[in-house]
Participant: 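This is the structure I have questions about; it appears just below.
Just so you know, these numbers come straight off a predicted model, no measurement behind them. Whatever order the structure lists them in is the order used to number ligands and atoms, beginning at 1.
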Amino acid sequence: MTSAVDSYCVMGNPVAHSRSPWIHARFAALTGQALHYERCLVALDGFGQALADFAAAGGKGCNITVPFKLEAARAATQRSPRVALAGAANTLVWQADGSLYADNTDGLGLVADITRNAGVTLARRDMLLLGAGGAAAGVLGPLLEQAPRRIVVCNRTVAKAEALVAQHADLAALHKVELLAQSPQALQGSFDVIINGTAASLQGAGVPAPASVLRAGSLAYDMMYGPAAQPFLDWAAQHGATGRDGLGMLVEQAAEAFALWRGVRPPSAQVLTELRALLAA
Ligand code: ATR
């Protein structure tokens with residue numbers, strides 16, 4: 001049944017924990033947009049069917065979370081350059097002609113949170129990106145577009161870091177960024193900004209880098225938030241760095257998706273402040 005207001009959802013498995021419905025409801029209220037946004041738990045082998053069902057019911061767009069971001073990129077008929085590079089999509093929109101457009105707003109959200117909300121410039125800085133899975137792949141392009149001096153991609157399985165670096169070599173050259181792949185054992189020197197895009201803490205493993213990568217005043221950013229980010233934030237604090245969790249990235253990637261869907265930019269900084277207060281309560 002087609003609903004009276006435009007309908008959106010977040011598809012994932014698991015998805016019960018997702019804050020996206022709350023965030024988009026606040027964006028809608030604050031911008032005066034009428035829309036409906038719900039969680040959609042999708043069977044691991046049921047992503048294509050879930051998309052077809054949602055489109056048939058009049059759905060206008062969706063956010064995609066773990067583990068469907070790669071499938072979402074493949075399912076689309078049109079892909080943004082960011083999706084083409086990352087091979088992963090977190091935002092889908094059905095267009096008037098029925099075609100399905102895929103974008104990836106994760107990297108834009110990360111950059112917005114670091115540069116606007118945390119006030120840290122990335123241009124000409126030395127950066128370390130920990131991880132070479134889907135999370136890291138989704139943000140490397142927008143990080144390169146900030147034209148840092150250097151990005152080292154460090155991963156336990158170094159071949160995956162090398163593949164990610166090779167995929168982004170042209171973009172790195174365009175922005176004159178030194179882009180390298182390294183194993184944790186080979187890491188040398190310290191960095192202005194360290195971004196954790198690994199799932200190490202979910203497995204109870206320590207931070208997959210030596211503390212020597214931190215320098216006084218480094219920003220140590222975990223793309224996760226809540227308990228999953230805590231070991232990395234504790235590690236940063238113990239070594240004199242400034243820690244930041246990925247809650248702002250979550251809100252800012254949602255803001256980019258909302259702007260794509262609705263043509264209106266929501267007050268994301270206000271919603272981030274509200275969400276922090278809600279989670280702290
Ligand atoms: P995601 O989509 O969350 O990025 P993923 O694609 O499975 O998930 O990638 C997980 C990332 O966390 C990878 O970089 C992985 O390293 P490997 O490529 O070597 O597997 C990293 N990771 C997971 N557990 C880790 C651990 N215990 N120590 C170090 N890195 C780990």
Side-chain angles (χ1 to χ4, degrees), residues 10-20 42 44 47 62-75 82-83 85-92 102-111 113 127-144 151-168 179-187 191 193-214 220-236 245-247 249-250 253:
V10 53
M11 293 187 179
N13 187 339
V15 79
H17 64 287
S18 173
R19 298 285 169 183
S20 292
V42 174
L44 292 177
F47 182 68
C62 41
N63 287 133
I64 307 298
T65 188
V66 173
F68 300 118
K69 291 184 183 183
L70 303 182
E71 266 187 88
R74 287 196 296 267
R82 285 188 289 269
V83 171
L85 198 54
N90 76 336
T91 304
L92 297 175
D103 202 351
N104 192 326
T105 65
D106 283 334
L108 299 181
L110 174 64
V111 167
D113 191 45
M127 301 187 64
L128 175 63
L129 177 60
L130 300 173
V139 301
L140 184 53
L143 291 176
L144 288 166
I151 300 182
V152 175
V153 180
C154 173
N155 197 46
R156 177 176 65 175
T157 311
V158 74
K160 278 170 66 181
E162 285 165 352
L164 200 56
V165 162
Q167 230 172 305
H168 288 74
L179 179 62
L180 317 165
Q182 266 171 6
S183 68
Q185 297 75 25
L187 272 181
F191 298 82
V193 178
I194 297 96
I195 296 172
N196 186 20
T198 74
S201 66
L202 293 180
Q203 306 182 357
V207 174
S212 56
V213 300
L214 300 171
Y221 193 106
D222 198 311
M223 286 166 59
M224 294 194 240
Y225 64 91
Q230 205 54 51
F232 185 80
L233 299 181
D234 291 345
W235 173 80
D245 70 9
L247 198 66
M249 175 180 171
L250 176 74
Q253 64 76 30

Participant: In the protein, which heavy atom is nearest to atom 6 (O) of ligand 1, and how far is it?
Facilitator: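 The protein heavy atom lying closest is Gly134 N, 3.0 Å.
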
Participant: Which of the numbered atoms in ligand 1 are under 4.0 angstrom from any heavy atom belonging to Gly131?
Facilitator: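 Going through ligand 1 atom by atom, the ones under 4.0 Å from Gly131 are 14 (O).
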
Participant: Nearest non-hydrogen contact with atom 21 (C) of ligand 1 belongs to which option: Thr65, Thr198, Val207, Val153?
Facilitator: Thr198

Participant: Below 4.0 Å, non-hydrogen atoms only: which portion of Arg156 touches ligand 1? Side chain, backbone, both or neither.
Facilitator: both

Participant: Give the atom numbers and elements of ligand 1 that come within less than 4.0 Å of a heavy atom of Ala135.
Facilitator: 1 (P), 2 (O), 4 (O)

Participant: Donor-acceptor pairs under 3.5 Å, side chain of residues 67-74 to any protein atom, not counting sequence neighbours: which ones?
Facilitator:
| unit_1 | atom_1 | unit_2 | atom_2 | d |
| --- | --- | --- | --- | --- |
| Lys69 | NZ | Asp106 | OD2 | 2.8 |

Participant: Looking only at heavy atoms, which two atoms of Leu130 and Ala209 are closest? And how far apart?
Facilitator: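 Answer, listing the atom of Leu130 first, then Ala209: CD2-CB, 3.9 Å.
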
Participant: Give the atom numbers and elements of ligand 1 that come within less than 4.0 Å of a heavy atom of Gln203.
Facilitator: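 In order of numbering, the contacting atoms are 23 (C), 24 (N), 25 (C), 27 (N).
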
Participant: Heavy-atom contacts under 4.0 Å between Ala132 and ligand 1: side chain, backbone, both, or neither?
Facilitator: backbone

Participant: Strictly distance-based, threshold 3.5 Å: is any side-chain N or O of Gln203 a donor or acceptor partner for the main-chain N or O of Ala200?
Facilitator: no

Participant: Below 4.5 Å, heavy atoms only, C-beta onward: do Phe232 and Met224 meet side chain to side chain?
Facilitator: no

Participant: Show me which atoms of ligand 1 lie under 4.0 Å from any heavy atom of Ala205.
Facilitator: 27 (N)

Participant: Would you find a donor on one side and an acceptor on the other, under 3.5 Å apart, between the side chain of Asn104 and the backbone of Arg82?
Facilitator: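 The answer is no, because no donor-acceptor pair under 3.5 Å joins these two groups.
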
Participant: Does Ser201 reach the main-chain N or O of Ala229 with its side chain, forming a donor-acceptor pair under 3.5 Å?
Facilitator: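 No, the answer is negative, given that no donor and acceptor are paired below the 3.5 Å cut-off.
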
Participant: Is the contact between Pro208 and ligand 1 made by the side chain, the backbone, both, or neither, using heavy atoms and a 4.0 Å cut-off?
Facilitator: side chain

Participant: Can you find a side-chain donor-acceptor pair between Thr105 and Asn90 that sits under 3.5 Å?
Facilitator: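 There is such a pair (donor and acceptor under 3.5 Å, judged by atom type) between the side chains of Thr105 and Asn90.
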
Participant: Considering only the protein, which heavy-atom contact is closest to atom 16 (O) of ligand 1, and what is its distance?
Facilitator: Asn155 OD1, 3.2 Å

Participant: Please identify which of these residues, Leu92, Val42, Thr91, meets the side chain to side chain contact (heavy atoms under 4.5 Å, CB included) condition with Cys62.
Facilitator: Leu92

Participant: Could you check atom 9 (O) of ligand 1 against the protein and tell me its nearest heavy-atom contact, residue, atom and distance included?
Facilitator: Gly133 CA, 3.4 Å

Participant: Do protein heavy atoms approach atom 19 (O) of ligand 1 to less than 4.0 Å?
Facilitator: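 Yes, because at least one protein heavy atom sits under 4.0 Å from atom 19 (O) of ligand 1.
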
Participant: Heavy atom under 4.0 Å from ligand 1: found in Thr157's side chain, backbone, both, or neither?
Facilitator: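 The part of Thr157 near ligand 1 is both the backbone and the side chain.
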
Participant: Can you tell which of Asn196, Asp245, Leu250, Ile195 makes a side chain to side chain contact (heavy atoms under 4.5 Å, CB included) with Met223?
Facilitator: Ile195

Participant: Where is the nearest protein heavy atom to atom 12 (O) of ligand 1: which residue, which atom, and how far?
Facilitator: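 Atom 12 (O) of ligand 1 sits closest to the protein heavy atom Ala199 N, 2.9 Å.
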
